[in-house]
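Lettering follows sequence order; numbering is per chain, from 1.
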2 protein chains.
Amino acid sequence: MAAADHKVETTRLTLLGSFAGYFLRRASQRFAAGFADTVGPMGMRQVLFGVLTVIHDNPGIRQGAAGEALGIQRANMVSLVNELVDRGLVERRVSESDRRAFALELTPAGKVLVEQGVERIRGNEDELLAPLTPTERRTLLDLLSRLDGSAG
Amino acid sequence: MAAADHKVETTRLTLLGSFAGYFLRRASQRFAAGFADTVGPMGMRQVLFGVLTVIHDNPGIRQGAAGEALGIQRANMVSLVNELVDRGLVERRVSESDRRAFALELTPAGKVLVEQGVERIRGNEDELLAPLTPTERRTLLDLLSRLDGSAG
DNA sequence: TATTGTTATACTCTATAACTATA
DNA sequence: TATAGTTATAGAGTATAACAATA
C-alpha cells in the first residue's frame, strides 16, 4: 500500500506474448481447472474422461488403439482403464481376433456418466469461451484441430 | 495382418472433437514436446524459461509478481528461482522498498540465454504452426490471448 | 492482521525400460 | 521377431497447509 513504490505498472509479457506455446499452455491450464471444478466432483479427470469418450465413440476398440488416438502411451493406459473398469464404467474383455488385446466397451453406467459429463463440460467451455463470439469459437476450434493434423 | 479383422477404420473422436479443452491440451502437449526437443538441451523447461522472460521484460520485478503474471504459485516459484540463481542466470537481491521481497534481474548470462532460447522457440513454433497460414497464425494468437483476458 | 517467501508434502500426467503372453 | 498389455520407476507441474520475517 506504500505509495513510495513507483512500480504500480502492469507486468509486461512482451516476449512470451509472441509465443503460441505460452498461450496454449495457459489456456490449457485454465480449461483443466474449469474441468476439475465442474466434472471433478463426478470423480472425473480430463484424461480419464477422454478415454471414456473414445470408447463411447468406438465401441469394442482395443486398449492400445484408444490410447494411440488420445496420445496416451500403452504403459499409462493400464491404470486408467483399470480405474474405469473398477468403477464399473467400462467393460474389458479379451478380443476374439487377438487374444493379446482387450476390447473395451462402456457399461450402462459409463454411458450415463459420459452424457452427464458432456453436459457439464459444455457449460464450462461456454464460460471460458465467453470472450469470443460464436464465429470466433468455431474458428479457434478449426485452427486448433488443424494443428493436430486432423481435418476438423 | 489378419484380414479377419473388420476394423481397419480410423478411430472416431466425435465427442472430444467438439471440445476446445481437448484440442488445447493436445496442442499444448505438442508444443511442450517441441520445446523440450529444441530448448531442452540448453537445460531449459517451459516454466523456467517463462520466469526468465518475465524478468527480462520487467527488470527488478519481485518474485511474487513474476509468479502471479505467469500463474505460478508462490510456493512453486521458490525452487524455480533458486535454480535460475544457482545457474547464474538470475540475480536475486532484497528489495529496498520491502525487505520481505526479492527483486529479480537477469545476469549477462541470463540475457544471452534468453536471446538464444527465443531463437530456438521461434524455429520450433514455425514448424508446429506450419499447417496454418501467417494470417491464421495471427488469428490463433489473437484468439488465445483474448481467452486469457489479455488485450493481445 | 496481512503479506513475502519458505518448507514439506501429495497428486496427476507423462516418459522409459524391462517383462509376459500371444501373434 | 514383433506386438498388446503389464510393471516399476522417475521426472515435471501443480496444489495445499503451516511457518518465519517483515509490513
Side-chain angles (χ1 to χ4, degrees), chain A residues 1-5 7 21-22 24-26 28-37 39-40 43-51 61-68 70-85 90 92-104, chain B residues 1-5 7 21-22 24-26 28-37 39-40 43-51 61-68 70-85 90 92-104:
Chain A
M1 19 198 72
D5 256 329
K7 291 210 153 193
Y22 171 68
L24 285 171
R25 209 166 70 86
R26 292 299 301 271
S28 179
Q29 285 172 345
R30 297 178 60 226
F31 273 72
F35 189 101
D37 287 344
V39 196
M44 271 294 133
R45 288 161 282 150
Q46 276 184 314
V47 188
L48 209 56
F49 193 78
V51 176
I61 191 173
R62 292 206 253 142
Q63 186 168 314
E68 192 179 11
L70 297 168
I72 304 172
Q73 307 211 358
R74 281 198 310 272
N76 296 326
M77 280 294 289
V78 181
S79 61
L80 293 173
V81 173
N82 279 344
E83 191 174 344
L84 293 172
V85 170
V90 164
R92 171 179 47 191
R93 56 169 220 278
V94 173
S95 168
E96 302 171 3
S97 54
D98 185 342
R99 288 194 326 223
R100 296 171 300 183
F102 284 142
L104 307 176
Chain B
M1 25 230 73
D5 254 330
K7 289 210 153 193
Y22 171 68
L24 285 171
R25 209 166 70 85
R26 292 300 301 272
S28 179
Q29 285 173 345
R30 297 179 59 226
F31 273 71
F35 189 100
D37 287 344
V39 197
M44 272 294 132
R45 290 160 280 150
Q46 276 184 315
V47 188
L48 210 56
F49 194 78
V51 176
I61 192 173
R62 293 206 253 138
Q63 186 168 314
E68 192 179 12
L70 296 169
I72 304 173
Q73 307 211 358
R74 279 197 312 271
N76 296 326
M77 278 294 287
V78 180
S79 61
L80 293 174
V81 173
N82 280 343
E83 191 174 344
L84 293 172
V85 170
V90 164
R92 170 179 47 191
R93 56 169 220 276
V94 173
S95 168
E96 303 172 3
S97 56
D98 185 341
R99 289 193 326 225
R100 294 171 301 182
F102 284 142
L104 306 177

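Shown here for A/Gln63 and A/Met77, the closest heavy-atom pair between the two residues is O-CE, 3.5 Å. The two residues B/Phe35 and B/Met44 come nearest to each other via the heavy atoms CE2-O, 3.7 Å. When every heavy atom of B/Ile72 is checked against every heavy atom of B/Val47, the shortest pair comes out as CD1-CG1, 3.5 Å. Here the closest non-hydrogen pair linking B/Gln46 and B/Ala32 is OE1-CB, 3.4 Å.
With a 4.5 Å cut-off on side-chain heavy atoms, B/Phe102 and B/Val81 do not count as touching.
Counting only heavy atoms from C-beta on, B/Arg99 has its side chain closest to D/dA23 among D/dA15, C/dT22, D/dA23. Of the candidates D/dT16, D/dG13, C/dT22, the closest approach to any side-chain atom of B/Val47 belongs to D/dG13.
As a whole-Å value, the separation of B/Phe35 CZ from D/dG13 C1' is 14 Å. C/dT20 atom P lies 19 Å from atom CG of A/Asp98, rounded to whole Å. The distance between atom CG of A/Leu104 and atom C1' of D/dA4, rounded to the nearest whole Å, is 12 Å. One interatomic measurement links the two molecules: CD of A/Gln73 to P of C/dT12, which rounds to 19 Å at whole-angstrom precision. The interatomic distance linking B/Met44 (CE) with D/dA12 (P) rounds to 13 Å, in whole Å. Straight-line distance from the CD1 atom of B/Ile72 to the C1' atom of D/dA12: 13 Å, rounded to whole Å. When the P atom of D/dA12 is taken as reference, atom CZ of B/Phe31 falls 22 Å away, rounded to whole Å. As rounded to whole Å, 14 Å separates atom C1' of D/dA4 from atom CD1 of A/Ile61.
Here A/Arg45 reaches the OP1 or OP2 of C/dC13: one of its side-chain N or O atoms lies under 4.0 Å away.
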Please list, pair by pair, any protein nitrogen or oxygen found under 3.5 Å from a nitrogen or oxygen in nucleotides 5-8 of chain C.
| residue | atom | partner | partner atom | Å |
| --- | --- | --- | --- | --- |
| C/dG5 | OP1 | B/Gln63 | N | 3.3 |
| C/dG5 | OP1 | B/Phe102 | N | 3.1 |
| C/dG5 | OP2 | B/Gly64 | N | 2.7 |
| C/dG5 | N7 | B/Arg74 | NE | 3.2 |
| C/dT6 | OP2 | B/Gln63 | NE2 | 2.9 |

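For B/Glu68 and B/Arg62, the salt-bridge test fails: no basic side-chain N is under 4.0 Å from an acidic carboxylate O.
If A/Glu96 and A/Leu48 are placed on DNA chain C by their nearest nucleotide, the residue sitting closer to the 5' end is A/Leu48.
Counting non-hydrogen atoms of neighbouring residues, nucleotides and ligands closer than 6.0 angstrom, the CZ atom of A/Arg92 exceeds 12 such neighbours.
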